Amino acid sequence: MDSEKIRVRFAPSPTGPLHIGGVRTALYNYLFAKKNKGDFILRIEDTDQNRYVPGAEEYIINSLKWCGIEPNEGVGASGEFGPYRQSERKSLYKKYAEQLVSEGNAYIAFDTAEELEAMRERLKNEGSSNQQYNAETRVTMKNSLTLSAEEVEKKINAGESYVIRLKLPDNENVVFNDVVLGEISFNTKVLDDKILFKSDGMPTYHLANVVDDHLMQITHVIRGSEWVNSTPSHILLYRFFGWKQPLFAHMPLLLKPDGKGKLSKRDGDKGGFPVFPMEWTNPETSEISSGYKESGYFPKAFINMLAFLGWNPGTEQEIFSEEELIQAFSLDRIGKSGARFDPEKARWFNHQYLQMISDEEAAKEFGSILEKKEITADINYITRVVSLIKERANFITDFWELGCYFFEPPKSYDEKVIKKRWKEGVSDSMKEIAKIFESITEFSSETTELAVKEFIQSKNLNMGQILNCLRLSMVGAASGPNLFDIIAIIGKDEALSRIYNAVETIKK
RNA sequence: GGUCCGUUCGUCUAGUCAGGUCAGGACGCCAGGUUUUCAUCCUGGUAACAGGGGUUCGAAUCCCCUACGGACUACCA
């Protein structure tokens, strides 16, 4: 093989937010490029003016940035093959379409929507297995194949709108070897003469995609498998132009959370978890869809999780750094069947990543959450809190719920615990413990634990009962990390105040 | 309807190309241990080759059929 540089592209259209399937496609392109020291290009396919959604392009760029899968060429980056936005390349495509027409590989068609509809209806009624605009039917339609050159010219001059269609060869098997799916074969009889150039002066995906991939010297087309059926048309296009075709790798689709069909942009939040990398506000309806970023996911965990949806390294390792992912990645280990993902497993990935970051780092992020709640605390204090609650959390955003009692006294006390544990005499014991605490000069987890346990034993009290009530006083519930660690962190004064508060509130 | 593709524990999957370990791992779930509690953590367990035919000494693996699922079938990408 030749040693040409690997060049891949991610080519979304800005019709809304990028969903996680799109992010995964971008990721696989990115990993493949990095692995092979190639280029990863971002091209924006905005040839459909009707579906353009303001803010979508920016969203795509920002999402990729957050994920750390940034293109080294294309929209939002630099590059020598620009412009990278198809609307800005508009002038380019027509001549390619016309070249195809003049060489007899495409033709001009004048059929109206009604005429097309009528043709399909007629074929349906005749019991025809497919209703394509193809070698068989095109002779019955209004196009430059059935009309004389003069008529065609007259219509064009009269301003009649027309499209340019690909002229497929009749009854030919187009075979290609998909990197993921293997050999796939289509007979042109079941394909249709795809529109390459629309009457609004814009190319369709099929033309623009092939022209741009060629011009941008793309070597591997890695895209979702919704494209396999149109790949033969693309291959024919490469052939007609006399261009070298790239390798195709069609990846399995991500499935809807509820199990029916491929994941779509409209599935946001339906499954109880985000389908978008970042929060998205629909500019028309102002409806907000949640994002992984805002849900507290680390981009690295998100990417790691996404990489494993449809691909695996063949080893038992599951936690991969970006560098490891790049090294391990290969197209031939992409699976063939669609994947639905498990939000539970996604959380598990994030938990793993959370445990890997330092308490100091986590404390910094937790600090800014606290700031928003207008709670001020020393960073060292926050770090000590984090060291106790981090392992219990999946997300930094869980920290507040897990450790709010480190920053404010309990607002209420769990009734069930009161009923079960706060029996006769407990209040008195609590008061005595408060006195003991007062007398401790070296107030620490160890000294308080020793003192309390000695007290319980000397009075022959029930360990579980007293300890749980003490916990209830501190936390307001029967959960949380080691009780004496909590007491030591909040300090003597706060501990005393909480004991008195609990005794006062609960009364028994 | 037509075409193309797919199908291994509930989920993500290894194993399929080069047939031959009680089909392996992870998440979840269950149990036990640790913990004064809850969670984490540790240990163990649960659970799958879509079905039917072949080929073969032997099939998750190769072939055929069926079923099911998905994609595409737009002047959308």
Side-chain angles (χ1 to χ4, degrees), chain A residues 11-15 45-48 50-51 109 111-113 116 120 124 127-132 161-165 178 180-182 184-187 189-192 194-206 208-209 223-232 250 252-253 255-256 259-262 305 308-319 332-333 335-349 351 355 389-394 402 417 421 449 452-453 456 462-472 475 477-484:
Chain A
S13 50
T15 55
E45 310 221 324
D46 53 351
T47 52
D48 186 356
N50 301 322
R51 294 209 307 157
D111 316 281
T112 63
L116 288 169
R120 289 177 189 130
K124 218 175 192 172
S128 177
S129 60
N130 62 341
Q131 301 95 38
Q132 312 279 37
S161 68
Y162 65 92
V163 300
I164 295 175
R165 281 182 184 271
D178 191 277
V180 173
L181 268 10
I184 299 177
S185 165
F186 285 88
N187 190 290
K189 270 194 181 311
V190 301
L191 268 23
D192 68 350
K194 288 205 162 28
I195 291 177
L196 302 175
F197 201 81
K198 300 185 271 189
S199 57
D200 66 358
M202 284 295 238
T204 58
Y205 171 88
H206 307 291
N209 193 260
R223 68 206 334 182
S225 64
E226 69 262 37
W227 293 110
V228 309
N229 286 270
S230 44
T231 302
H250 290 99
L253 267 12
L255 275 17
K256 276 187 198 299
K260 285 271 175 194
K262 70 169 175 175
M305 177 270 291
F308 271 72
L309 237 42
W311 172 86
N312 76 83
T315 66
E316 288 183 358
Q317 182 183 352
E318 287 197 282
I319 302 298
D332 51 28
R333 290 208 63 89
K336 293 183 182 182
S337 47
R340 186 175 305 119
F341 85 101
D342 183 4
E344 210 64 57
K345 184 96 185 225
R347 281 191 274 276
W348 175 82
F349 268 108
H351 181 259
Q355 305 319 309
I389 60 176
K390 194 178 78 179
E391 65 179 23
R392 320 167 74 84
N394 290 328
L402 251 23
V417 182
R421 307 280 194 181
E449 176 166 5
V452 170
K453 286 191 172 166
I456 293 170
N462 179 325
M463 185 79 80
Q465 181 185 54
I466 299 300
L467 256 24
N468 272 298
C469 287
L470 188 55
R471 170 180 294 280
L472 186 69
V475 177
S479 63
N482 182 293
L483 173 59
F484 298 100

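Lettering follows sequence order; numbering is per chain, from 1. Just so it is clear, the structure is predicted and the values come from calculations on it, not from any experiment.
Here A:T15 lies out of heavy-atom contact (under 4.0 Å) with every strand. If you check every strand for non-hydrogen atoms under 4.0 Å, A:V163 touches a base.
Look at B:C72: its Watson-Crick or wobble partner, with both distances under 3.5 angstrom, is B:G2.
Between A:K336 and B:G6 there is a side-chain polar atom (N or O) within less than 4.0 angstrom of OP1 or OP2. Note on A:K198: a side-chain N or O is less than 4.0 Å away from OP1 or OP2 of B:A77. An OP1 or OP2 oxygen of B:G15 is reached within less than 4.0 angstrom by a side-chain nitrogen or oxygen of A:R333.
Here the C1' atom of nucleotide B:A14 and the CD atom of A:Q317 are 15 Å apart, to the nearest Å. Atoms CD (A:Q132) and P (B:C75) sit 11 Å apart, rounded to a whole Å. A:R471 has its CZ atom 12 Å from the P atom of B:A39, to the nearest Å. In this structure, the CZ atom of A:R223 is 13 Å from the C1' atom of B:A71, given to the nearest Å.
In this structure, the nucleotide among B:G1, B:U13, B:A77 sitting nearest to the side chain of A:R51 is B:A77. Taking only side-chain atoms of A:L467, from C-beta outward, the nucleotide of B:G1, B:A71, B:U36 with the closest atom is B:U36.
Classified by interplanar angle (parallel below 30°, tilted 30° to 60°, perpendicular above 60°), the ring pair A:H206/A:W227 is perpendicular.
In summary, A:R51 and A:D48 engage in a salt bridge, as defined by a charged side-chain N under 4.0 Å from a carboxylate O.
Checking A:N394 against A:H351 by side-chain atom types alone, no donor-acceptor pair falls below 3.5 Å. Checked by atom type, the side-chain pair A:S128/A:R120 shows no donor-acceptor distance below 3.5 Å.
The C1' atoms of B:U34 and B:U40 are separated by 11 Å, rounded to the nearest whole Å. Distance check on atom C1': B:A60 versus B:A48 gives 10 Å, rounded to whole Å.
Scanning both residues, A:N482 and A:R471, for their nearest heavy atoms gives C-NH2, 4.1 Å.
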Sequence-aligned protein contact record of nucleotides 23-33 of chain B, with B where the base is within under 4.0 Å of a protein heavy atom and S where only the sugar-phosphate is: -SSBBS-----
